[in-house]
Amino acid sequence: MEDRSRTRGTRTGFTTGACAAAAAKAAAVALFTGVAQSEVEITLPIKKLVKLKIERCEMSGNEVLCSVIKDAGDDPDVTHGAEICSSVSWVGTPGEIKIEGGKGVGVVTKPGIGLEIGESAINPVPRKMIRYSIEEALGDELKKRGVRVVVSVPKGEEIAKKTLNARLGIIGGISILGTTGIVRPYSTASFKASIKQAIDVAKANGCTQIVLTTGGKSEKFAMAIYPDLKEEAFVEMGDFVAFAEKCAKHVGIKKITFCGMIGKFSKIAMGVKQTHAAGSQVDMGFLAGLAEEVGTDSEVVYQIKNANSARHVYEIVESRGKREFFNLLCGRIVRVSKERLGEEMSVEAILTDFDGNVIGRAER
């Protein structure tokens, strides 16, 4: 048995798109040959050959359903362990490969996803993977007749509740995703893709202002501050500050609002572009300098310089009633963001305490 404690954080997995393609290829082979499949080899978009285990292979006359259990490796993916199914049947038109979504695969209801409204949420690259896998499986047989592929996820609707699909306008299940076929542990690529997609959806739904939050709690606070904004306007950027700014500028958003608490805001104000704890630290000297700028006495400045955390700084400042410190912190965020974005975009920063109360604000 593999020692997961040794490999934790390094083991790769497969995307839902790769799983759907593998299930489709196995089903197509079984449909053509009449022989049930227990394993299948597919070609990933990165031109890598991989073998995946087939969990189920159910043959019924003109149709075969195969499934793959998604293994996301060491990535904390909500679809890890999900059963991804593809059923393949013959259709009348030679050469045709119809790809559809079944139970547990979401349906697109809003623009901005890159798929037509009413279409199943099977992204373009997975569609190509499925098509290519079917062509590999059937070869010249496709010149005689076509096939219909239906991708389904038995628990997809339940899994989707743990994702942002509903906000993005994907209703009734998960999306079939993946650009390389491989899931890398704690990959930044998947998070960045979700940020870009969320901003694209916001723009497509008429949002001229978006609110970039540092996490779920900050997003909840931001929604209370801006109750009249559309739900699509709220985008969880996590640690990817500069990337979210770049995406917003690219699609023509007119105003971005940052909303967060003092820990992440302390880093953003310093000009940090990616605020993950492993890649950046709160600089107490920087915060002490801000305190000096607003006329804080030297004893308190010393306390801030030697504080244990950004939250500790908040407690020190709050106890001294130096609220202008928080406005200055927000002002620095606006300044560094404007330096990256230019004057054509308006930038706002809203700092909240840990209960969602606004304690600092700046805009330009």
Engineer: Between Glu363 and Lys338, does any side-chain N to carboxylate O distance fall below 4.0 Å?
Structural biologist: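 The answer is no: the pair does not qualify as a salt bridge.
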Engineer: Ignoring hydrogens and angles, tell me if any N or O in the side chain of Ser337 forms a donor-acceptor pair with the backbone of Ile333 under 3.5 Å.
Structural biologist: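 Between the backbone of Ile333 and the side chain of Ser337 there is no qualifying donor-acceptor contact (under 3.5 Å).
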Engineer: Is it true that Arg145 and Glu141 have a side-chain N and a carboxylate O under 4.0 angstrom from each other?
Structural biologist: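 Salt bridge: yes.
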Engineer: Counting N and O atoms only, with roles assigned by atom type, does the side chain of Thr16 sit under 3.5 Å from a partner on the main chain of Leu177, one being a donor and the other an acceptor?
Structural biologist: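 Here the side-chain-to-backbone pair exists.
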Engineer: Going through the checks in order, is the salt bridge (charged side-chain N to carboxylate O under 4.0 Å, His left out) test met by Glu232 and Arg167?
Structural biologist: CA-CA 6 Å; Glu232 293 87 356; Arg167 182 179 303 177; over 6 Å; no
Engineer: Drop me the distance from Ile99's CD1 to Lys128's NZ, to the nearest 0.5 angstrom.
Structural biologist: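 If we round to the nearest 0.5 Å, Ile99:CD1 and Lys128:NZ are 11.5 Å apart.
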Engineer: Quick check: do Lys264 and Met237 have side-chain heavy atoms less than 4.5 Å from each other?
Structural biologist: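 With C-beta onward as the side chain, the pair stays apart.
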Engineer: Under 4.5 Å side-chain heavy-atom separation, chaining through any Ile, Leu, Val, Met, Phe, Trp or Tyr, what else clusters with Tyr226? Say none if it is isolated.
Structural biologist: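 Val211, Met223, Ile225, Leu229, Phe234, Ile350, Val358, which link up through side-chain heavy atoms under 4.5 Å apart, make up the rest of the cluster.
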Engineer: Run the salt bridge (Lys or Arg N to Asp or Glu O under 4.0 Å) test against Lys220 and tell me which residues pass, sequence neighbours left out.
Structural biologist: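 Applying salt bridge (Lys or Arg N to Asp or Glu O under 4.0 Å) to Lys220 gives none.
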Engineer: When you look at CD of Glu158, are more than 12 heavy atoms from neighbouring residues, nucleotides or ligands closer to it than 6.0 Å?
Structural biologist: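 Incorrect, the count does not exceed 12.
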Engineer: Just verifying a value: how many Å separate Lys305 NZ and Glu292 CD, rounded to the nearest 0.5 Å?
Structural biologist: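 So the gap between those two atoms works out to 6.0 Å.
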Engineer: Taking NZ in Lys103 as the centre, count heavy atoms belonging to other residues, nucleotides or ligands within less than 6.0 Å. Is the count above 12?
Structural biologist: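 Open.
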Engineer: Using a side-chain heavy atom cutoff under 4.5 Å and only I, L, V, M, F, W and Y, what cluster partners does Val108 have?
Structural biologist: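 Val108 clusters with Ile113, Leu115, Leu168, Ile170, Val201.
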Engineer: Is the shortest distance from a Lys or Arg side-chain nitrogen in Arg323 or Glu318 to a carboxylate oxygen in the other one below 4.0 Å?
Structural biologist: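 Looking at Arg323 and Glu318, the cut-off is met.
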Engineer: Which residue is it: Val313, Val300, Thr296, Ile316? I am looking for the one with a side-chain contact (heavy atoms from CB on, under 4.5 Å) to Phe325.
Structural biologist: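 Exactly one option meets the side-chain contact (heavy atoms from CB on, under 4.5 Å) with Phe325, and it is Val313.
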Engineer: For the side chain of Asn165 and the backbone of Gly173, is there at least one donor-acceptor N/O pair under 3.5 Å apart?
Structural biologist: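 Yes, Asn165 side chain to Gly173 backbone: donor-acceptor pair under 3.5 Å.
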Engineer: Should side-chain heavy atoms under 4.5 Å link Ile, Leu, Val, Met, Phe, Trp and Tyr, which residues sit in the same cluster as Ile54?
Structural biologist: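 Cluster partners of Ile54: Phe14, Val40, Ile42, Leu44, Ile46, Val50, Leu52, Val68, Val125, Met129, Ile182.
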Engineer: Tell me whether His312 contacts the main-chain N or O of Ala307 through its side chain, where contact means a donor paired with an acceptor under 3.5 Å.
Structural biologist: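 Checked: no pair found.
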Engineer: What residues form a side chain to side chain contact (heavy atoms under 4.5 Å, CB included) with Lys254, not counting sequence neighbours?
Structural biologist: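 In terms of side chain to side chain contact (heavy atoms under 4.5 Å, CB included), with neighbours along the sequence ignored, Lys254 is linked to Thr208.
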Engineer: Clusters formed by hydrophobic residues whose side-chain heavy atoms approach within less than 4.5 Å: which one holds Val35, and what are its other members?
Structural biologist: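 So far as hydrophobic clustering goes, Val35 is joined with none.
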Engineer: To the nearest 0.5 Å, tell me how far Glu344 CD sits from Leu341 CG.
Structural biologist: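 CG of Leu341 is found 7.5 Å from CD of Glu344.
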